[in-house]
**Student:** 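Supplied in structure tokens, the structure appears directly below.
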Amino acid sequence: MPKTFRGTYTVMITPNDAEGRLDLAALAAFVEWQIREGIHGLIPLGSTGEFLSLSEDERVAVAETVIRTAAGRVPVLVGTGAEDTREAVRLSRQAERLGADGVMVIPPFYSTPTDDEVVHHYDAIAGAIGLPVMVYNNPATSNVDLRPALVARLAAIDNCRYIKESTLEVTRIRDILRLCGDRMTVFGGILGFESFVEGAEGWVAVASNVAPGPLSRLFSLVADHDRVREAHALYMEWLPVIEAVGGHRYVAATKALLTHMGLPVGPPRPPRLPLPAAEDEAMQALVARLGLRFSHAG
């Protein structure tokens with residue numbers, strides 16, 4: 001039976017070595033650390049994982065490494081977004097064969113599909129696999145806005161049971177739940193704490209690359225309705241990290257933080273560039289201020 005997804009899920013960076021080549025050993029160590037720290041789920045090959053900058057062989061190697069290392073301890077959802085519906089179907093079938101627990105699919109990001117075309121796209125993907133599909137709404141990067149009324153249409157598709165809602169309009173959570181009921185489980189994409197309070201059952205987080213323990217605990221505290229104030233205090237404590245990895249340098253900032261924490265993950269791939277020196281120094285100072293560190297097993 002498919003796993004039920006809820007909690008804080010890390011949309012993972014993809015480690016490179018100093019020359020920009022894929023570093024699978026660092027990736028496996030990163031997965032182990034995330035699980036030891038209490039993360040609820042992992043999502044390789046999302047935007048933070050630079051999926052569009054990886055070759056076919058590299059994408060397969062990343063998915064295989066994460067799935068094999070996680071070994072069923074937490075759910076693994078593989079990003080399988082593509083501009084061509086047929087390619088998204090192929091990638092989703094591939095993820096299923098590799099042992100993924102689900103797929104996360106951003107809409108086609110160049111063709112600006114109509115609502116009917118979006119529905120057809122997700123219906124084709126969901127109908128081709130037996131895995132749950134997490135729809136991914138991020139209009140800032142996909143040029144498509146999956147508004148709540150359209151999400152309700154997607155919720156009528158078998159297997160489309162989750163959505164990562166990545167806008168700054170937290171009332172979207174309320175409206176999706178009102179229109180979809182229990183047919184669609186909502187994950188926040190940017191506003192984690194605020195999304196939890198509005199009824200989201202998960203958060204696909206960039207910042208949990210750096211702080212998986214505290215940000216997983218944030219969900220657990222909100223889920224215990226008597227501890228929301230405690231959750232808010234924890235949220236405010238870690239807001240500097242959440243803000244540091246927000247904006248257009250989210251990949252470079254996350255990689256800089258992890259490197260300063262003791263896990264060298266290499267530079268982002270072009271056209272992304274490493275952080276300018278002053279910003280990198282600010283990341284180093286943040287690591288020192290919060291006592292962030294990466295620890296290998298044992």
Side-chain angles (χ1 to χ4, degrees), residues 8-23 26-27 29-31 33-34 37 39 42-54 58 62 79 106 109 136 138-143 164 166-168 188-195 203-216 218 234-296:
T8 302
Y9 283 42
T10 296
V11 58
M12 304 171 63
I13 55 95
T14 300
N16 298 315
D17 64 18
E19 285 71 44
R21 296 170 301 206
L22 191 62
D23 188 341
L27 179 61
F30 183 60
V31 170
W33 177 68
Q34 286 275 318
E37 288 290 304
I39 202 67
L42 295 168
I43 304 180
L45 302 178
S47 303
T48 307
E50 303 173 83
F51 75 100
L52 287 172
S53 300
L54 302 178
E58 288 175 323
V62 166
I106 197 165
F109 29 78
Y136 177 16
N138 190 344
T141 59
S142 70
N143 200 33
K164 175 186 176 185
S166 286
T167 69
L168 293 173
I190 299 175
L191 302 174
F193 174 80
E194 296 86 350
S195 297
W203 179 16
V204 176
V206 177
S208 58
N209 277 280
V210 174
L215 299 187
S216 296
L218 181 63
L234 182 66
Y235 170 57
M236 296 301 288
E237 178 183 351
W238 290 93
L239 186 57
V241 172
I242 297 168
E243 291 179 332
V245 298
H248 69 287
R249 285 186 170 139
Y250 63 105
V251 175
T254 303
K255 288 193 162 186
L257 286 167
L258 283 166
T259 297
H260 290 307
M261 289 168 57
L263 177 65
V265 292
R269 292 189 172 184
R272 294 184 175 97
L273 296 173
L275 292 182
E279 294 181 31
D280 186 68
E281 289 172 6
M283 296 301 108
Q284 187 172 17
L286 184 60
V287 166
R289 177 157 64 90
L290 293 175
L292 293 167
R293 66 180 183 276
F294 172 83
S295 61
H296 288 275

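Fair warning: this is a prediction, and the values are worked out from it, not measured in the lab. Residue indices begin at 1 and follow the sequence shown.
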**Student:** In chain order, what residues pass the side-chain contact (heavy atoms from CB on, under 4.5 Å) check against Thr259, with sequence neighbours excluded?
**Tutor:** Val265

**Student:** Can you list the residues that meet the salt bridge (charged side-chain N to carboxylate O under 4.0 Å, His left out) rule with Glu58, with sequence neighbours excluded?
**Tutor:** Arg269

**Student:** Give the minimum heavy-atom separation between Val245 and Tyr250, together with the two atoms involved.
**Tutor:** O-CB, 2.9 Å

**Student:** Just jot down the side-chain contact (heavy atoms from CB on, under 4.5 Å) partners of Pro274, sequence neighbours excluded, or say none.
**Tutor:** Pro267, Pro268

**Student:** Taking only residues two or more places apart in sequence, or in another chain, which ones meet Arg21 in a side-chain hydrogen bond (donor to acceptor under 3.5 Å, both in side chains)?
**Tutor:** Asp17, Glu19

**Student:** Can you name the nearest heavy-atom pair linking Ala244 to Leu286, along with the distance?
**Tutor:** CB-CD2, 3.9 Å

**Student:** If you take all heavy atoms of Ser166 and Gly189, which pair is closest and at what distance?
**Tutor:** OG-CA, 3.2 Å

**Student:** To the nearest 0.5 Å, how far apart are CG in Asn209 and CE in Met12?
**Tutor:** 7.5 Å

**Student:** So do Asn138 and Lys164 actually touch side chain to side chain, heavy atoms under 4.5 Å?
**Tutor:** no

**Student:** In the structure I gave you, are the side-chain heavy atoms of Trp203 and Glu194 within less than 4.5 Å of one another anywhere?
**Tutor:** no

**Student:** Using a 4.5 Å cut-off on heavy atoms from C-beta on, say whether the side chain of Pro139 contacts that of Thr167.
**Tutor:** yes

**Student:** With sequence neighbours left out, write down each residue that passes side-chain contact (heavy atoms from CB on, under 4.5 Å) with Phe109, or none if nothing qualifies.
**Tutor:** Phe51, Leu52, Glu83, Ile106, Ser142

**Student:** According to salt bridge (charged side-chain N to carboxylate O under 4.0 Å, His left out), who are the partners of Glu279, at least two apart in sequence or on a separate chain?
**Tutor:** Arg249

**Student:** Identify, with sequence neighbours excluded, every residue that meets side-chain hydrogen bond (donor to acceptor under 3.5 Å, both in side chains) alongside Asp280.
**Tutor:** His260

**Student:** Could you grab the distance from atom CG of Leu218 to atom CD1 of Ile242, nearest 0.5 Å is fine?
**Tutor:** 7.0 Å

**Student:** Looking at residues at least two apart in the chain, or sitting in another chain, which of them share a side-chain contact (heavy atoms from CB on, under 4.5 Å) with Pro264?
**Tutor:** none

**Student:** Please name all residues satisfying side-chain hydrogen bond (donor to acceptor under 3.5 Å, both in side chains) with Ser208, sequence neighbours left out, ordered by chain then number.
**Tutor:** Thr10

**Student:** Could you report the tightest heavy-atom contact between Gly49 and Thr14, atom names first, then the distance?
**Tutor:** O-OG1, 2.7 Å

**Student:** State, with a plain yes or no, whether a side-chain heavy atom of Lys255 is found less than 4.5 Å away from one of Arg272.
**Tutor:** no

**Student:** Of all the heavy-atom pairs spanning Val62 and Pro44, show the shortest one and how long it is.
**Tutor:** CG1-CB, 3.9 Å

**Student:** Given side chains that start at C-beta, do those of Ile13 and Leu258 come closer than 4.5 Å, heavy atoms only?
**Tutor:** yes

**Student:** Please list, chain by chain and in numerical order, all residues satisfying ring pair (Phe, Tyr, Trp, His ring centres under 6.0 Å) with Tyr235, sequence neighbours excluded.
**Tutor:** Phe193

**Student:** How about Leu168 and Ile190: do any of their side-chain heavy atoms sit closer than 4.5 Å?
**Tutor:** yes

**Student:** Restricting to ring pair (Phe, Tyr, Trp, His ring centres under 6.0 Å), what partner residues turn up for Tyr136, sequence neighbours left out?
**Tutor:** none

**Student:** Could you state the interatomic distance from CG (Leu275) to OG1 (Thr254), rounded to the nearest 0.5 Å?
**Tutor:** 9.0 Å

**Student:** Measuring only between side-chain heavy atoms, which start at C-beta, is Ile39 closer than 4.5 Å to Thr8?
**Tutor:** yes

**Student:** Say you draw a straight line from OG1 of Thr48 to CD1 of Ile43; how long is it, rounded to the nearest 0.5 Å?
**Tutor:** 9.5 Å

**Student:** Within the structure provided, determine whether Val241 and Leu292 are in side-chain contact (heavy-atom separation under 4.5 Å).
**Tutor:** yes

